[in-house]
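As structure tokens, the structure follows; a few thoughts come after it.
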Amino acid sequence: MRPLKVLLPGLLAVAALVGAGCGSGNDNGGGGSGSPIKVGASLPLTGDFSEPGKAAKQGYQVWQAIVNEKGGLVDGRKVKMVIKDDASNQNTIVADYNALISKDKVNLLLGTFSSLLNLPASSVAERNRMLYVEPAGGSPEMFSRGFKYLFFAQQATADHQGDVFADYVKNLPANERPKTAAYPTLDDPFAQPTSQGIEKVLKAGGIKTVYRKTYTIDQKNFDSIANSVKASGADLVVHGATFEDGVGLVRALLKIGYTPKMLYQTTAPSLGDQYAKGIGKENTEGVFYAVSHSAKAKTPGNEQFVAKYKEMFGGTEVPEDAADAYAAAQVLQAAVKAIGGIDDQAKLADWLHKNKVDTILGPLNWDQAGRPQGKFLVGQWQNGAPEIVLPDAAATVDSPEPQWKPGGSGT
Amino acid sequence: MTEFLQTLILGLLVGGVYALLASGLTLIFGVMNVINIAHGAFLILAAFLTYSIWSATGLDPLAAIVITTPIMFVCGWVVYNLTLRRIRTGPAAATVLLTFGLALVVEGLMGIIWGNTAHAVTPPYVNQSFHIGSLFLPKAQVYGGLIAIAVLAALWIVLTRSWLGRAIRAAAVNPQGAALVGVNVSAVAAATFAVGVASAGAGGSIVSVLYPFLPGSHYVWISRLLGIIVLGGMGSLPGALIGALMLGLAETLTVTYISPAWATAVPYALVFVVLLARPHGILGTRLREDVVT
């Protein structure tokens with residue numbers, strides 16, 4: 001056996017490789033009147049966030065196609081997207097956005113996916129005084145830095161994404177309203193604030209917190225957590241989750257035969273077929289979640305977006321991340337059209353601070369820090385399909401079902 | 001008391017599966033001095049193979065072990081002969097880098113073939129448990145644990161009762177001596193690597209039933225498995241078993257009695273404390289060269 005210290009250089013080299021990542025992109029020079037307007041973004045096309053990253057790329061591509069079919073963004077100038085791959089890496093994304101600005105000389109920027117990546121990327125944009133509309137990065141800390149060029153193109157930041165659901169629960173008739181709630185939550189800049197936001201509203205509404213624990217991304221075994229949740233006897237479980245842990249906890253609850261009256265999860269249930277396959281379709285009935293987009297929504301331009309998406313990429317489902325990216329581009333487009341140019345980015349930002357923009361997610365408006373001021377949709381699995389249940393105006397079914405009714409629990 | 005018993009049971013069940021997953025890694029290190037960073041990637045590859053077999057044929061994913069294990073054995077043998085054989089006697093750092101590269105290649109291939117979305121294998125018993133009084137034993141964990149014990153026992157019998165096993169152990173302890181008595185050390189190394197990767201085949205099938213997985217899941221697994229074999233003593237199969245059970249118990253006890261937020265940190269703190277007392281792990285052996293350098 002070789003002494004372990006011999007291995008150290010190798011392990012350090014591995015760490016360096018892990019940290020380095022790599023980026024690639026298109027190199028396009030030029031500019032000026034009549035030439036295409038270059039819109040740059042770096043997305044996680046490989047690595048941990050590659051699925052949402054690819055969906056976001058599709059959303060941007062659909063926007064590019066629709067804008068160009070209609071004659072361009074402004075002054076008859078068409079859009080040319082310049083998209084790089086940040087490999088889901090925080091260091092690479094900084095290099096990518098710097099390169100987009102200084103080397104590729106893009107005219108406009110669009111954001112990337114996740115708070116983790118938007119945090120450093122938006123700093124690069126702010127330093128260069130360039131408008132930065134981001135499709136997916138709702139962590140509250142994004143907006144506590146006093147940035148002027150940053151805008152989040154969804155309905156609400158993470159801490160308010162569960163507001164509509166919490167209000168619904170709080171106002172249920174007394175015999176249906178849960179009395180206690182458990183909040184197992186992933187340590188994540190999105191999941192945790194959402195769960196805390198819901199707890200704040202429910203606590204004020206008299207629903208007692210009987211369990212609140214945070215776990216890390218490495219957590220694989222949820223049986224012990226489910227056992228503790230069961231011991232708390234909570235009527236309502238609000239789970240701040242991504243995908244793997246979302247599926248893991250539901251499976252663990254089923255294994256121990258514990259069915260809380262109500263179940264709410266972030267992210268996982270919005271992933272459609274993947275979620276149904278993960279926990280079993282029969283167990284999805286009644287699971288609540290927050291969602292930004294519905295393919296069935298009657299928002300302006302949504303029908304055109306859905307049709308174009310299916311034409312370009314096929315399939316039956318339109319990923320939420322593609323819709324969010326499209327909406328971010330719509331926000332950028334609205335500002336450019338209103339100002340009538342792309343040169344004064346401060347003017348674009350000022351206009352967005354003062355105006356409301358119609359998007360496929362519904363109307364969006366922002367405060368001075370770029371926080372959206374709207375309300376998220378509430379989704380629920382009903383009869384094996386994801387539906388929008390709240391608010392009433394956006395609902396795709398008659399009413400929410402207050403109970404989680406898994407079909408395969410216990411033995 | 002019931003909660004404590006329940007926590008112990010869950011910890012031991014988790015630890016049993018960890019032991020199987022770590023066995024191949026420690027075996028390969030013990031014989032070849034190779035820290036196979038790609039072990040986690042092979043594990044996830046086997047999980048994806050299980051997913052494909054299960055969704056195409058409906059075969060029980062745990063029964064699919066009889067298919068994934070030989071496939072991964074061949075995969076390990078081919079990978080060894082194409083890559084590792086050339087630098088087997090080179091510096092350990094080179095093999096770490098090479099196997100890390102292999103992990104990235106396997107991850108990329110899995111992304112191309114199966115996509116970067118999470119997959120789950122869900123036979124009917126996946127959400128069910130055995131109940132004994134107020135205690136519950138998740139069926140998938142029990143089946144997985146029993147299979148892990150059976151595979152580990154088979155591995156132990158091969159290592160202690162067969163010619164190949166004796167050759168592997170001889171090559172591990174004294175390669176020059178083994179060569180002198182007619183053992184083809186290079187061929188034994190290839191067989192060992194293949195057996196190690198085959199154990200990841202069995203482990204991957206079990207993992208596919210227990211947890212959702214995606215190509216990038218291997219990073220979490222390799223860090224956990226390295227922790228186990230360092231704790232147990234690198235190269236020691238019984239050490240891996242002890243390390244795995246200790247880590248499994250440490251995880252579940254931490255989740256229940258401290259906080260899930262510490263479920264990753266506390267087991268690694270345990271590794272740290274054990275290494276302070278026993279720098280070569282619980283069953284690790286201090287060799288002459290460790291003293292000399």
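We use all heavy atoms of the structure for the numbers below, so side chains are in, but hydrogens, waters and symmetry mates are not.
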* Asked: Given that the side chain runs from C-beta out, which part of Leu135(B) has a heavy atom under 4.5 Å from chain A: side chain, backbone, both or neither?
  -> neither

* Mind listing the closest non-hydrogen atom pair of Asn227(A) and Gln6(B) along with its distance? => ND2-CG, 3.4 Å

* To do: Check whether Asp187(A) gets within reach of chain B through its side chain, its backbone, both or neither, counting any heavy atom under 4.5 Å.
  => neither

* Any idea which heavy atoms bring Ile225(A) and Pro260(B) closest together, and the distance? -> CD1-CB, 3.9 Å

* Asked: What distance do Tyr18(B) atom OH and Lys220(A) atom NZ have between them, rounded to the nearest 0.5 Å?
  -> 9.0 Å

* Structure fact -> Nearest heavy-atom approach of Arg224(B) to Asp218(A) is NH2-O, 2.7 Å

* Asked: In Å and rounded to the nearest 0.5 Å, what is the CD1 to CG distance from Ile9(B) to Asp223(A)?
  -> 11.5 Å

* Asked: Can you say whether Glu244(A) sits under 4.5 Å from chain B via the side chain, the backbone, both, or neither, judging by heavy atoms?
  -> both

* **Spacing of OH belonging to Tyr215(A) relative to OG1 belonging to Thr264(B), to within rounding of 0.5 Å** => 12.0 Å

* To do: Can you establish whether the number of heavy atoms outside Lys277(A) located under 6.0 Å from its atom NZ is more than 12?
  => no

* Structure fact -> Cut-off 4.5 Å, heavy atoms of chain A, and the answer for Val220(B) is side chain

* Does the side chain to side chain contact (heavy atoms under 4.5 Å, CB included) test come out yes or no for Thr122(B) and Arg251(A), once each step is laid out? -> CA-CA 10 Å; Thr122(B) 50; Arg251(A) 280 193 191 182; 3.5 Å; yes

* Where Pro212(B) and Val247(A) come nearest, the two heavy atoms and their spacing -> CG-CG1, 3.7 Å

* **Asn221(A) and Tyr211(B), any side-chain heavy atoms less than 4.5 Å apart** => yes

* Side-chain contact test, heavy atoms from C-beta onward, threshold under 4.5 Å: evaluate it for Val255(B) versus Lys213(A) and give yes or no. => no

* Are Thr252(B) and Ser224(A) close enough that a side-chain donor and a side-chain acceptor fall under 3.5 Å? -> no

* To do: Name the region of Ile279(A), side chain, backbone, both or neither, that has any atom closer than 4.5 Å to a heavy atom of chain B.
  => backbone

* Structure fact -> For Gly278(A) and Ala120(B) the tightest heavy-atom approach is CA-CB, 3.8 Å

* When heavy-atom pairs shorter than 4.5 Å are enumerated against chain B, which of Lys54(A), Gln274(A), Gln219(A) gives the highest number? -> Gln274(A)

* To do: Under 4.5 Å heavy-atom distance to chain A, tell me which part of Tyr125(B) shows up: side chain, backbone, both or neither.
  => neither

* Please walk me through it: do Val126(B) and Lys255(A) pass side chain to side chain contact (heavy atoms under 4.5 Å, CB included)? -> CA-CA 8 Å; Val126(B) 77; Lys255(A) 275 188 269 185; over 6 Å; no

* Provide the closest heavy-atom pair for Ile256(A) versus His131(B) in the form atom of the first, atom of the second, distance. => O-CE1, 4.4 Å

* List the steps and the verdict of side chain to side chain contact (heavy atoms under 4.5 Å, CB included) for Asn127(B) and Asn283(A). => CA-CA 10 Å; Asn127(B) 294 332; Asn283(A) 298 316; 3.3 Å; yes

* **Over 12 foreign heavy atoms within 6.0 Å of OH, Tyr257(B)** => yes

* Measure Leu210(B) against the heavy atoms of chain A and call it side chain, backbone, both or neither at under 4.5 Å. => backbone

